[in-house]
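In what follows, a single structure is set out as structure tokens and then discussed.
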Amino acid sequence: MTKPPRKTAGGFRSERPLLSVLSSRLRARRVDRRLSLDRLAALSDVSKGLLVQIENGEANPSIATLCKVAGTLGVSVADLVQVTEQQPAELMPAAAPRLLWRGPKGGTATMLVGSSGPDMLELWSWELRPEERYDAPAHPKGTQELIHVTHGRLALAFGDVSYVIHTGGSASAHTDRPHAYACDGKTVVRFTMVVAEPHTPRHAK
């Protein structure tokens, strides 16, 4: 078996426990929904080959890919990568946070905790190094992100329009359109983010 690479563009580092959880959770959810790999690939717009690699623990899927697959299965990203049980409160120890992206200059995106799906509510911790940028595709309609910068300056871009958030500043962003985060300046930027991504039609609630 080919060992998974340490990292891929837009993907997370090869952390064996995480890949193992992801592969088993994805397979179980797919079987529960009675979906073949071909059908899941068609519905999620993710190639069958990549889905096979993920289920075999051989691929480092991007955050965007995880979101597509989770949304198609009617679950959240947390449902696929978090080991939790249905309790009044679910505690995540220090070792639990999930590193889901590592940038070319060492930046990181870690999902600290997330709710069960299909609607996604997630708390993230980000770090971007100087000259580092993360481009994100449009999320589902109605997605909103709450951002708070704890260190440095964050550039939040929507096409040709860019906003700069300074240390201690916050922003509310509608990210159901292509967007990007970038380190503005020569100092590392660190920020926390809450993502609210709806997947349940309003009339179904």
Side-chain angles (χ1 to χ4, degrees), residues 1-41 43-103 106-127 134 136-137 139-140 143 145 192-200:
M1 182 189 303
T2 302
K3 293 183 179 180
R6 293 297 296 173
K7 61 182 179 179
T8 59
F12 53 82
R13 294 183 70 186
S14 175
E15 182 189 354
R16 176 55 59 183
L18 175 56
L19 291 177
S20 178
V21 169
L22 175 59
S23 63
S24 61
R25 288 288 179 85
L26 174 57
R27 185 181 298 106
R29 296 285 183 171
R30 179 177 62 79
V31 172
D32 285 345
R33 290 289 303 275
R34 298 182 180 180
L35 292 174
S36 66
L37 285 166
D38 287 306
R39 183 59 176 160
L40 179 57
L43 292 174
S44 64
D45 194 29
V46 175
S47 72
K48 178 182 176 180
L50 178 54
L51 291 174
V52 170
Q53 288 183 319
I54 296 172
E55 287 200 2
N56 289 336
E58 298 173 350
N60 295 337
S62 67
I63 296 173
T65 295
L66 288 176
C67 288
K68 286 182 179 181
V69 173
T72 301
L73 293 173
V75 300
S76 67
V77 171
D79 286 325
L80 296 179
V81 302
Q82 231 173 231
V83 181
T84 62
E85 298 178 358
Q86 293 300 318
Q87 301 291 340
E90 298 174 357
L91 306 184
M92 300 296 148
R98 303 300 185 184
L99 175 64
L100 297 183
W101 176 80
R102 183 175 291 278
T108 58
T110 303
M111 191 182 74
L112 300 175
V113 66
S115 66
S116 182
D119 292 338
M120 300 184 193
L121 183 62
E122 302 163 349
L123 176 62
W124 289 77
S125 175
W126 281 78
E127 178 177 300
Y134 178 84
H139 297 310
T143 297
E145 296 179 358
T192 55
M193 175 195 298
V194 173
V195 182
E197 183 176 305
H199 285 270
T200 305

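For clarity, every value in this text was computed on a predicted model and none was experimentally measured.
When all heavy atoms of Asp79 and Arg25 are compared, the pair lying nearest together is O-NH1, 2.7 Å. Considering every non-hydrogen atom in both Lys48 and Ala41, the closest pair reads N-CB, 3.7 Å. Contact detail for Leu37 and Arg30: the closest heavy-atom pair is CD2-NE, 3.6 Å. Across every non-hydrogen atom of Pro198 and Pro140, the tightest pair is O-CB, 3.8 Å. The minimum heavy-atom distance between Met120 and Gly71, with the atom names listed, is CE-N, 4.1 Å. For Ser115 against Ala78, the heavy-atom pair with the smallest separation is O-CB, 3.5 Å.
Atom OG1 of residue Thr65 and atom CG of residue Asn60 lie 11.0 Å apart, to the nearest 0.5 angstrom. The line from CG of Leu22 to CG of Leu80 is 6.0 Å long, rounded to the nearest 0.5 Å. Atoms CD and CZ, on Glu127 and Arg102 in that order, are 9.0 Å from each other to the nearest 0.5 Å. Remark: Asp32 CG to Leu73 CG distance equals 9.5 Å, nearest 0.5 Å. Going from atom OG1 of Thr108 over to atom CH2 of Trp124 covers 10.5 Å, rounded to the nearest 0.5 Å. Atom-to-atom distance recorded for Met193:CE and Glu145:CD is 4.5 Å, nearest 0.5 angstrom.
Taking the side chain as every heavy atom from C-beta outward, Pro61 and Val46 never approach each other to under 4.5 Å. Leu50 has its side chain within reach of Gln53: a pair of non-hydrogen atoms, C-beta onward, lies under 4.5 Å apart. Put simply, the side chain of Leu66 does not reach to within 4.5 Å of the side chain of Ile54, judged on heavy atoms. Side chains of Asp45 and Thr72 form no contact here, defined as non-hydrogen atoms less than 4.5 Å apart.
With hydrogens and angles disregarded, no donor-acceptor distance shorter than 3.5 Å links the side chain of Arg33 to the backbone of Leu40. A donor-acceptor pair under 3.5 Å links the side-chain atoms of Arg98 to the main chain of Val81, judged by distance alone.
Below 30°, between 30° and 60°, or above 60°: for Trp126 and Trp101 the angle between ring planes is between 30° and 60°, a tilted geometry.
Results of the side chain to side chain contact (heavy atoms under 4.5 Å, CB included) test with Val195 over Thr143, Val77, Leu121 single out Thr143 as the only residue that passes.
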